[in-house]
J.: 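Below: one structure in structure tokens.
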Amino acid sequence: MSAVVTGSYRPPLPARAVAGLLGAYKRAFAAEAIAGLLSRPNPVRRTGFEFQLRIDARVVEAEDVIGLTLRSPSGADLPSWIPGAHIDVFLPSGRQRQYSLTGDPFDRKTYRIAVRYLADGDGGSREMHDELREGDLLRIRGPRNAFTFVDAPEYLFVAGGIGITPILPMVAECARRGAPWRLIYLGRSRASMPFLPRLERCRGGRLEVRPDDEYGVPDLDALMAEAPRGAAVYVCGPPPLMESARRVLSATDPTASVHTERFSPLPVQDGAPFRITLLRSGKAVDVGGDESALAAILRVRPGTAFSCRQGFCGTCKTRVFAGEVDHRDRSLPESERDSAMLTCVSRALGDDLVLDL
């Protein structure tokens, strides 16, 4: 599937020296308490701090769901965040995963995440459940936010299963502000649905817990049709749930503000195969019609940086030296589209691309 190109490109010595100094500065800066303090003015960002956190507590939140509380080994304050934010977690195996922050944004000492065990997944959740213990260190990047909590006269939240994780802090914030809210929480059974006790303590709104074994399979279109006019609607869960939200609300209430978040990349549509040459690493890789450029690059360059895999965070932005790009992202400015691409979603318009990797 991949082939090695003879020769290897290395940046000139001054460029390497500058890059090394910047990397050292970033690591030292993020390790200090000042990193959290200076993050306050910009809690929603595409680039995040990188640092190590210790697993301070590990608890069972529901069937097949564990909650992890993360804390700085030095006790320093952590970078600030707002509801909807997530962090990147780098596992000991080298796997990289994204998890929504479920705790209290006013708690600057800890981050809290939840992980559902996926027996048919690719191993990330198994590693989190089976191998991580209290006291272990994890490399973290973030926080970032692509699920922004906006000001609105009222809110409708719809969460499916583990999709409750980014919505929980939003409900808590509504309760704190006194903003009207309604949460429809779907799942297989109550035993499989995390955070029910915490949600029941949130005041000023309406919590509807609708497990399938009590209510049957939900009529998603009917649920979406109940959204108040002009409300901010937040939906997180399986793809059919989010597709129903957008379809129904666009037809019934154009005033609604619809916000969705996926936990997995979108499938590639209308993709054609092409080849990527990685100029600095001296390798080339073939990209299948049904895979992303990023997925192919990771086969030959596993340390390549990425985060959202959906074209909004900008972590995988890469300089393009040659070739024409089919841009499919949501964030790259027009001024950069002739010279860069987001490899997680964008593709080649022709047969070849040459990238600065």
J.: Do T318 and V320 come within less than 4.5 Å of each other through their side chains, counting heavy atoms only?
T.: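 No, side chains not in contact.
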J.: Does any N or O in the side chain of D130 come within less than 3.5 Å of the main-chain N or O of E127, such that one atom is a donor and the other an acceptor?
T.: no
J.: Looking at every non-hydrogen atom in both residues, tell me the closest pair between P79 and P143 and how far apart they are.
T.: CB-CD, 3.8 Å
J.: Are R319 and S339 close enough that a side-chain donor and a side-chain acceptor fall under 3.5 Å?
T.: no
J.: For the pair S125 (side chain) and L118 (backbone), establish whether a donor and an acceptor sit closer than 3.5 Å, ignoring hydrogens and angles.
T.: yes
J.: Working to the nearest 0.5 Å, report the span between CZ of F90 and CD of Q52.
T.: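 Taking CZ in F90 and CD in Q52, the distance rounds to 11.5 Å.
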J.: What is the distance from atom CG of L68 to atom CD1 of I113, rounded to the nearest 0.5 Å?
T.: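 It is 5.0 Å, given to the nearest 0.5 Å.
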J.: Going through the checks in order, is the side-chain hydrogen bond (donor to acceptor under 3.5 Å, both in side chains) test met by T69 and D56?
T.: CA-CA 5 Å; T69 300; D56 191 57; 6.0 Å; no
J.: Is there a donor-acceptor contact under 3.5 Å from the side chain of T277 to the main chain of L279?
T.: no
J.: Say whether V150 and F147 are linked into one hydrophobic cluster, either directly or through other cluster members, by side-chain heavy-atom distances under 4.5 angstrom.
T.: yes
J.: So which heavy atom on K109 is nearest to which on D77, and how close?
T.: NZ-OD1, 2.9 Å
J.: Assess the residue pair M341 and L353 against the criterion (side-chain contact (heavy atoms from CB on, under 4.5 Å)); give the C-alpha distance rounded to whole Å, side-chain angles, the decisive distance to 0.1 Å, and a yes or no.
T.: CA-CA 10 Å; M341 69 180 288; L353 288 174; 3.7 Å; yes
J.: Hey, are E134 and R54 close enough for a salt bridge, meaning a charged N less than 4.0 Å from a carboxylate O?
T.: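 No, no charged N to carboxylate O under 4.0 Å.
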J.: Can you tell me how far the OG1 atom of T102 sits from the CD1 atom of I164, to the nearest 0.5 Å?
T.: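 Going from the OG1 atom of T102 to the CD1 atom of I164 covers 10.5 Å.
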J.: Do P166 and C236 come within less than 4.5 Å of each other through their side chains, counting heavy atoms only?
T.: yes
J.: S192 vs E63, test: side-chain hydrogen bond (donor to acceptor under 3.5 Å, both in side chains). Steps then yes/no.
T.: CA-CA 5 Å; S192 71; E63 287 181 355; 5.4 Å; no
J.: Which word best sums up how the rings of Y111 and F51 line up, parallel for under 30°, tilted for 30 to 60°, or perpendicular for over 60°?
T.: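 Tilted.
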J.: Using a strict cut-off of less than 4.0 Å between a Lys/Arg side-chain nitrogen and an Asp/Glu carboxylate oxygen, indicate whether E208 and R206 qualify as a salt bridge.
T.: yes
J.: If we only count heavy atoms from C-beta on, is the H259 to F149 side-chain gap below 4.5 Å?
T.: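 No. Closest side-chain heavy atoms not under 4.5 Å.
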J.: Between R141 and V89, is there a donor-acceptor pair closer than 3.5 Å when you use the side chain of the first and the backbone of the second?
T.: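 Pair absent, no side-chain N/O of R141 close to backbone of V89.
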J.: Measure the shortest side-chain to side-chain distance between R144 and T315 over non-hydrogen atoms and say whether it is less than 4.5 angstrom.
T.: yes
J.: Closer than 3.5 angstrom, by distance alone: can the side chain of T304 be matched with the main-chain N or O of R301 as a donor-acceptor pair?
T.: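 Pair found, side chain donor or acceptor close to backbone of R301.
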J.: Do I276 and V345 belong together in a cluster built from hydrophobic side chains that touch within less than 4.5 Å?
T.: no
J.: With the 4.5 Å side-chain cut-off for hydrophobic clustering, are V268 and I297 part of the same group?
T.: no
J.: Answer yes if I167 and L196 sit in the same cluster of Ile, Leu, Val, Met, Phe, Trp and Tyr residues linked by side chain heavy atoms under 4.5 Å apart, and no otherwise.
T.: yes
J.: Evaluate the side-chain contact (heavy atoms from CB on, under 4.5 Å) criterion for residues L156 and L183: first the C-alpha distance (whole Å), next the side-chain angles of each, then the deciding distance (0.1 Å), finally the verdict.
T.: CA-CA 6 Å; L156 172 65; L183 168 60; over 6 Å; no
J.: Output, in order, the C-alpha distance, side-chain angles, deciding distance and verdict of side-chain contact (heavy atoms from CB on, under 4.5 Å) for R299 and E291.
T.: CA-CA 12 Å; R299 289 202 300 273; E291 70 174 340; 2.7 Å; yes
J.: Are the side chains of T110 and L70 in contact, using a 4.5 Å heavy-atom criterion?
T.: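 No - every pair of side-chain heavy atoms lies 4.5 Å or more apart.
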J.: Could you check whether any side-chain N or O of W181 sits under 3.5 Å from a backbone N or O of M170, counting only pairs where one atom can act as donor and the other as acceptor?
T.: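 Not confirmed, W181 side chain does not pair with M170 backbone.
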J.: Any heavy-atom pair between the side chains of L78 and L53 that's under 4.5 Å?
T.: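 Yes - at least one pair of side-chain heavy atoms lies under 4.5 Å apart.
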J.: State plainly whether the residues R190 and E214 are in salt-bridge range, i.e. N to O under 4.0 Å.
T.: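 Salt bridge present between R190 and E214.
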J.: For R337 and L332, indicate whether the former's side chain and the latter's backbone hold a donor-acceptor pair under 3.5 Å.
T.: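 The answer is yes, because a donor-acceptor pair under 3.5 Å joins these two groups.
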J.: Check D286 with R275, please: is the shortest side-chain N to carboxylate O separation under 4.0 Å?
T.: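 Salt bridge between R275 and D286, a charged N being under 4.0 Å from a carboxylate O: yes.
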J.: What distance do F321 atom CZ and L357 atom CG have between them, rounded to the nearest 0.5 Å?
T.: 9.5 Å
J.: Do the ring planes of Y117 and H129 sit parallel (below 30°), tilted (30 to 60°) or perpendicular (above 60°)?
T.: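 Plane angle over 60°, so perpendicular.
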J.: Using a 6.0 Å cut-off, check whether atom CD of Q269 has over 12 heavy atoms from anything other than its own residue.
T.: no
J.: Output yes when D88 and R97 qualify as a salt bridge under the 4.0 Å nitrogen-oxygen rule, no when they do not.
T.: no
J.: What are the two closest non-hydrogen atoms of N145 and P83, and how far apart are they?
T.: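 Heavy atoms of N145 and P83 come nearest at ND2-O, 3.1 Å.
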J.: Within the structure provided, determine whether I87 and L101 are in side-chain contact (heavy-atom separation under 4.5 Å).
T.: yes
J.: Would you call D107 and R112 a salt bridge, using N to O less than 4.0 angstrom?
T.: no
J.: Please determine whether side-chain contact (heavy atoms from CB on, under 4.5 Å) holds for the pair Y234 and S257, giving the CA-CA distance in whole Å, both sets of side-chain angles, and the decisive distance to 0.1 Å.
T.: CA-CA 8 Å; Y234 284 83; S257 170; over 6 Å; no
J.: For the side chain of Y185 and the backbone of P211, is there at least one donor-acceptor N/O pair under 3.5 Å apart?
T.: no
J.: What are the two closest non-hydrogen atoms of H327 and S346, and how far apart are they?
T.: CA-OG, 3.4 Å
J.: Taking the side chain as everything from C-beta on, heavy atoms only, tell me whether V248 gets closer than 4.5 Å to L220.
T.: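 Counting from C-beta outward, V248 and L220 never come under 4.5 Å.
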J.: Indicate, with yes or no, if V209 and L168 share a hydrophobic cluster defined by side-chain heavy-atom contacts under 4.5 Å among Ile, Leu, Val, Met, Phe, Trp and Tyr.
T.: yes
J.: For the pair T165 (side chain) and I162 (backbone), establish whether a donor and an acceptor sit closer than 3.5 Å, ignoring hydrogens and angles.
T.: yes
J.: Using atom types as modelled and distance alone, determine if a side-chain donor or acceptor of R126 lies under 3.5 Å from a backbone N or O of A119.
T.: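 Yes; judged by distance alone, with no hydrogens or angles, the pair exists.
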J.: With a 4.0 Å cut-off, would you call K317 and D329 a salt bridge?
T.: no
J.: Step by step, work out the salt bridge (charged side-chain N to carboxylate O under 4.0 Å, His left out) result for D213 and R188.
T.: CA-CA 6 Å; D213 61 355; R188 297 190 312 272; over 6 Å; no
J.: In Å, rounded to the nearest 0.5 Å, how long is the span from CZ of R246 to CG of L241?
T.: 11.5 Å
J.: Measure the spacing between OG of S244 and CG of D221 and express it to the nearest 0.5 Å.
T.: 4.0 Å
